[in-house]
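One structure is given here, and the rest of the page talks about it.
Along the sequence shown, residues are numbered consecutively beginning with 1.
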Amino acid sequence: MTRLLSANFVHLKKNRCFWTCIWFMVLYGAFMVYMNYWSMCRYGYDSTLDSMCRGYTNLMGFASALLVSLFLGTEYSDGVIRNKLVVGHQRHTVYLAGLTVNAVGVLMINAVYVGVVILLGASFLGASWQADPLTLLKAAAVTVLMDLSYTAIFTMCSMLNQNKASVTAGAILGALILCLMSGYIQSRLNEPKIYEAYTEVTDKGYVITREAVENPFYLEGTKREAYTVLNDLLPSGQGMQLGSGDVSRAGQMSLYSGLILVLFTGTGIFFFCRKDIK
């Protein structure tokens, strides 16, 4: 296992996609700091490290999809995985070594963005943390587990498909579908229960008054609970909650991420051990 990990880390260090993601996050972090500086100068908004650090969450699905699929796709296309099996490495150790290196790579991409934002935001904007240490700790824990769940999903998909092009396209499409699903779920959960009463004056001076009415699209009962569970379960839903600074359900999100990690890793190992490697 140690030799496999060493070899995988060497390959990761040379992987162009990994360094592209790293530099993209560096530039994106600098861009987020600049945009907050621009808003502060133009509108007088106060900038906090909390808000700037949350700017990456919706990108992690796409970053992990790209890194994992291209890294493992290259291992397949170059015959690296086949050679590992030929020299006597067990299939489950090959799988776990790939998962481990993928997870480290995804977490490093995440950490680079946060590090750039903290360094530039604190140095040039004088921004500080608004949230209390416990909230920050919860957000960090949910973030790490969210990254691991993304990694487990895309590692399973990549280890069970030897076609580099198709698995990369499928992983990106999967990340997009997850993002769209979570966007829809969030919009349904954010529907107001009642449309408040309001008064409007038209251009011709007519006064129109509308009474408060119930929102027919508001989710209640079992349906709302189901949507809430899905929102906490999907990594993309967790990312959207982190992006808005909501960690009120950190325990549920962490539990679901752990379940996804175990389920997809176990399923991936099971089928990889029975897969015909060409």
Side-chain angles (χ1 to χ4, degrees), residues 8-9 11-35 51-76 98-120 139-159 161 164-183 186 233-244 253-254 256-257 260-261 264-265 268:
N8 282 357
F9 278 120
H11 293 158
L12 180 67
K13 186 178 178 180
K14 298 178 181 179
N15 187 273
R16 280 191 237 176
C17 179
F18 171 68
W19 288 108
T20 300
C21 290
I22 288 288
W23 282 110
F24 174 81
M25 282 301 191
V26 170
L27 295 175
Y28 186 66
F31 174 74
M32 288 296 293
V33 173
Y34 170 76
M35 290 304 296
S51 60
M52 288 186 283
C53 283
R54 295 195 298 261
Y56 70 93
T57 53
N58 292 327
L59 294 177
M60 287 312 300
F62 297 97
S64 57
L66 272 174
L67 176 63
V68 173
S69 61
L70 288 176
F71 177 73
L72 293 177
T74 301
E75 293 248 300
Y76 264 126
L99 175 66
T100 301
V101 174
N102 287 334
V104 171
V106 172
L107 290 173
M108 286 180 66
I109 291 170
N110 195 328
V112 163
Y113 171 85
V114 175
V116 168
V117 166
I118 293 175
L119 178 63
L120 296 181
V142 173
T143 298
V144 170
L145 289 168
M146 177 192 73
D147 288 346
L148 294 179
S149 64
Y150 268 130
T151 305
I153 292 171
F154 295 125
T155 296
M156 187 195 76
C157 297
S158 301
M159 290 295 280
N161 189 339
K164 181 179 177 180
S166 65
V167 76
T168 302
I172 296 173
L173 180 61
L176 178 61
I177 291 173
L178 285 174
C179 189
L180 292 175
M181 285 177 60
S182 295
Q186 284 271 333
L233 173 66
L234 297 178
S236 49
Q238 296 178 16
M240 289 185 178
Q241 291 181 70
L242 287 170
S244 64
M253 289 189 284
S254 299
Y256 291 138
S257 289
I260 289 174
L261 176 61
F264 276 84
T265 300

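Considering every non-hydrogen atom in both F154 and A171, the closest pair reads CE2-O, 3.5 Å. Closest approach of T151 to A103, counting heavy atoms only: CG2-N, 3.5 Å. Nearest heavy atom pair, residue I260 against residue A152, reads O-CB, 4.4 Å. The two residues L72 and S158 make their nearest non-hydrogen contact at CD1-CB, 3.6 Å. Of all heavy-atom pairs between P235 and I153, the closest is CG-CD1, 4.1 Å. Among all heavy-atom pairs drawn from C17 and L70, the shortest one is SG-CD1, 3.5 Å.
Judged as a side-chain hydrogen bond (donor to acceptor under 3.5 Å, both in side chains), and not counting sequence neighbours, the contacts of N161 are S166. Partners of Q241 under the side-chain hydrogen bond (donor to acceptor under 3.5 Å, both in side chains) rule, at least two apart in sequence or in another chain, are D232. With sequence neighbours excluded, the residues satisfying side-chain hydrogen bond (donor to acceptor under 3.5 Å, both in side chains) with S257 are Q238. Applying the ring-ring contact (aromatic ring centres under 6.0 Å, His included) criterion to Y256, with sequence neighbours excluded, gives no partner residue. Judged as a side-chain hydrogen bond (donor to acceptor under 3.5 Å, both in side chains), and not counting sequence neighbours, the contacts of S182 are S236.
Note that NZ of K164 is 9.0 Å distant from OG of S69, once rounded to the nearest 0.5 Å. We find the CE-CZ distance between M108 and F18 to be 4.0 Å, quoted to the nearest 0.5 Å. The CG atom of L66 sits 9.5 Å away from the OG1 atom of T20 when rounded to the nearest 0.5 Å. Put simply, OG1 on T168 and CG on L173 are 12.5 Å apart, with the number rounded to the nearest 0.5 Å. For the atom pair CG (L12) and CD (E75), the distance works out to 9.5 Å, reported to the nearest 0.5 Å. Distance check, rounded to the nearest 0.5 Å: CE of M35 to OH of Y28 gives 10.0 Å.
Using a distance-only test at 3.5 Å, with no hydrogens or angles considered, a donor-acceptor pair links the side chain of W19 to the main chain of K13.
Listed by first and then second residue, the side chain to side chain donor-acceptor pair (under 3.5 Å) pairs involving residues 102-114 are N102-T155, N110-D147 (not counting sequence neighbours).
Residues L148 and L145 meet the side-chain proximity criterion, which asks for heavy atoms closer than 4.5 Å. For the pair I109 and F24, the minimum side-chain heavy-atom distance is 4.5 Å or more.
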Between L178 and Y150, is a side-chain contact (heavy atoms from CB on, under 4.5 Å) present by the stated rule, with each step listed?
CA-CA 11 Å; L178 285 174; Y150 268 130; 4.2 Å; yes
Walk me through whether V106 and M60 qualify under side-chain contact (heavy atoms from CB on, under 4.5 Å).
CA-CA 8 Å; V106 172; M60 287 312 300; 3.7 Å; yes
Take T57 and M240, measure what side-chain contact (heavy atoms from CB on, under 4.5 Å) needs, and give me the verdict at the end.
CA-CA 7 Å; T57 53; M240 289 185 178; over 6 Å; no
Between L242 and T143, does a side-chain contact (heavy atoms from CB on, under 4.5 Å) hold up when you go through it step by step?
CA-CA 8 Å; L242 287 170; T143 298; 3.5 Å; yes
